Amino acid sequence: MSILTWTYITVGLSFALYIGVAIWSRAGSTSSFYVAGRGVPPIANGMATAADWMSAASFISMAGLIAFMGYQGAIYLMGWTGGYVLLALLLAPYLRKFGRFTVPEFVGDRYDSQLARVVAVFCAIFVSFTYVAGQMRGVGVVFSRFLEVPVDIGVMIGVGLVFVYAVLGGMRGITYTQVAQYTVLIIAFMIPAAAISHKLTGHWIPQLGMGATLTEGPNAGRFLLETLDAVQRDLGFPEYTAAWVSGKKGMADVFAITLALMVGTAGLPHVIVRFYTVRNAAAARWSAVWALFFIAILYTTAPAVATFARVNLIQTVDGQAYEDVPAWFTSWESTGLISFDDKNADGLIAFHGDKEVNELTVDRDIIVLANPEIAELPNWVVALVAAGGLAAALSTAAGLLLVISSSISHDLLKSFLWKDLDDKQELMAARIAAAFAVVVAGYFGIYPPGYVAQVVAFAFGLAAASFFPVLLLGVFDKRTNREGVVAGMLVGILFTASYISYFKFVAPEGGAESWWFGISPEGIGAVGMLLNFAVTWTVSRITAPPAPELQALVDEMRLPREGPVAD
């Protein structure tokens, strides 16, 4: 069967599974809609957390970034996984013990301030919409190639699907749908990785294949990475395994991006809310352990996938006559995500590190999706990867949309604007807010501010600059008060958003020469985070301390006793 037929079968079956799970687990109360009734088992919550956290950036774009960046692509591995460990150790158990539905609710009650809560709502919505833009873009990229529809139509199809299980199912439906989505995405990622590893190196385990020798071709018997370094040098690219060489990021920017991704992970509201869905703080810790295990399966495989893809791409297209390109090239070319510009009119594709010589433009978001085709794997494997990419994008999109929905209905309407809202009315408001958020997310998917991983990096930077200091100080510093957190959140997110917007939209051609301290927009969240810490700490020390009962609440939150502390 053709790739298109296989794609319709695999994607159709996976969609039927997701919708069936959503209908089976439909939320019937606000507790089920926001936190799945707090009854999710740790292993299921760990799997759902992994799916929620491993977005289209992890599945589709991260390996593509590593394939183009080489060694420095490890910033995404270190930042995202390191941040998850930070979240599990420093925040998750304490926030769960506090016993609230959302991050803005924690901020409002911990600092006894409606203003702080409203500012947190604004930050949560802003961060979530930035993040979800990348996810919907990923959906469009997958559909544009494998269902042979325009990117815009692909985004709209994704919007319709998310609408069904996010609006109807709430957190309960999303949680169990994400368990199914994790299963699909990890199978879809690992099968082609193992097959390509065996084809190139004779090893079924990709992590071993990455460090092994090639088994066929002119470089047989030579180490894969050694061969790739040599080929990169010959083509004018920086060495794949080199760190600090011309053409790659500076040390300050690498450090800033890694830090921004790390603390941004620990401040992401859609990840934090997952730890509210379990019974107690102990279950939250076990959820974190399971989630890290499930995440590690993909993240330890991604560098190998990137390396295999880079080798296959170069071997397949460099020096190839354009009229003889394989079918996968033509298929992706029709989407506009890969293009050939014959600058010297010789009919041969020149893939080169020098922009003046290079004739091939490859969108980084297609590397994982195109990899099975480039490696000439069976059509059913290609279709399986499409289903996995959709599972990764849709699982995260649903979690983000629920954060937006709960921020509007629970933290803004119920707690601030319409306090006598009953349970049924609040649930309806949450569903209406989710529907609105789905439509806006679709718009951002059609008109995204960048490629998938870059947009996601912006979201992590915004989360780092707004939420991480407020949450960390809220758990470990009794002296931090409402005035400090409001000032800190506003300074952090406004500074970071302004920097990103300026260099992305106002002066995009400025380049690294114009960046402050050599830090790119993807890494500026680290500076915003430090500003937030400094402003929050300073303002808290020059204004009145929190009430004694609030300070006692902070002490109680850290004691190893079960039960919510703020009821």
Side-chain angles (χ1 to χ4, degrees), residues 17-18 21-22 24-55 58-59 80-81 83-103 105-106 128 131 165-166 169-187 265-299 391-392 394-403 405-406 410 471 562-564:
L17 174 64
Y18 305 153
V21 171
W24 165 75
S25 56
R26 180 176 178 176
S29 66
T30 53
S31 177
S32 292
F33 193 90
Y34 295 138
V35 291
R38 302 193 194 278
V40 180
I43 188 170
N45 196 53
M47 194 175 291
T49 303
D52 202 354
W53 183 73
M54 289 193 299
S55 64
S58 294
F59 189 98
W80 283 331
T81 52
Y84 187 79
V85 174
L86 196 66
L87 170 63
L89 293 177
L90 292 182
L91 294 177
Y94 307 112
L95 296 178
R96 172 61 190 90
K97 188 178 180 185
F98 199 83
R100 289 296 178 256
F101 283 167
T102 66
V103 172
E105 188 176 26
F106 167 82
S128 298
Y131 200 165
Y165 69 79
M171 180 57 80
R172 178 175 166 80
I174 287 173
T175 296
Y176 291 105
T177 301
Q178 285 171 337
V179 171
Q181 286 169 329
Y182 175 81
T183 304
V184 171
L185 76 86
I186 203 65
I187 291 173
T265 298
L268 283 175
H270 80 289
V271 175
I272 292 173
V273 76
R274 292 239 54 93
F275 296 101
Y276 295 151
T277 64
V278 294
R279 297 185 184 279
N280 49 45
R285 290 186 186 277
W286 275 109
S287 292
V289 172
W290 279 113
L292 192 58
F293 168 75
F294 292 127
I295 289 167
I297 297 174
L298 187 145
Y299 266 62
L394 294 173
S395 61
T396 302
L400 291 164
L401 292 168
L402 191 66
V403 167
S405 168
S406 60
H410 187 69
L471 296 173
E562 294 300 343

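Just so you know, these numbers come straight off a predicted model, no measurement behind them.
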By side chain to side chain donor-acceptor pair (under 3.5 Å) - contacts of Thr265 (at least two apart):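 Not a single residue meets the side chain to side chain donor-acceptor pair (under 3.5 Å) criterion with Thr265.
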
Residues Leu298, Tyr182; criterion side-chain contact (heavy atoms from CB on, under 4.5 Å); working and verdict: CA-CA 11 Å; Leu298 187 145; Tyr182 175 81; over 6 Å; no

How many angstroms lie between [atom1] in [X] and [atom2] in [Y], if you round to the nearest 0.5 Å?
X	Y	atom1	atom2	value
Ile43	Phe293	CD1	CZ	8.5 Å
Thr49	Phe294	OG1	CZ	10.0 Å
Tyr94	Leu471	OH	CG	14.0 Å
Ile295	Ile186	CD1	CD1	10.0 Å
Thr81	Leu86	OG1	CG	11.5 Å

Ala291 to Ala50 - nearest heavy-atom pair and separation: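 So the two residues come closest at O-CB, 4.1 Å.
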
side-chain contact (heavy atoms from CB on, under 4.5 Å) partners of Val289, counting only residues at least two apart: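 Applying side-chain contact (heavy atoms from CB on, under 4.5 Å) to Val289 gives Trp286.
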
side-chain contact (heavy atoms from CB on, under 4.5 Å) evaluation trace for Asn45 with Val179: CA-CA 8 Å; Asn45 196 53; Val179 171; over 6 Å; no

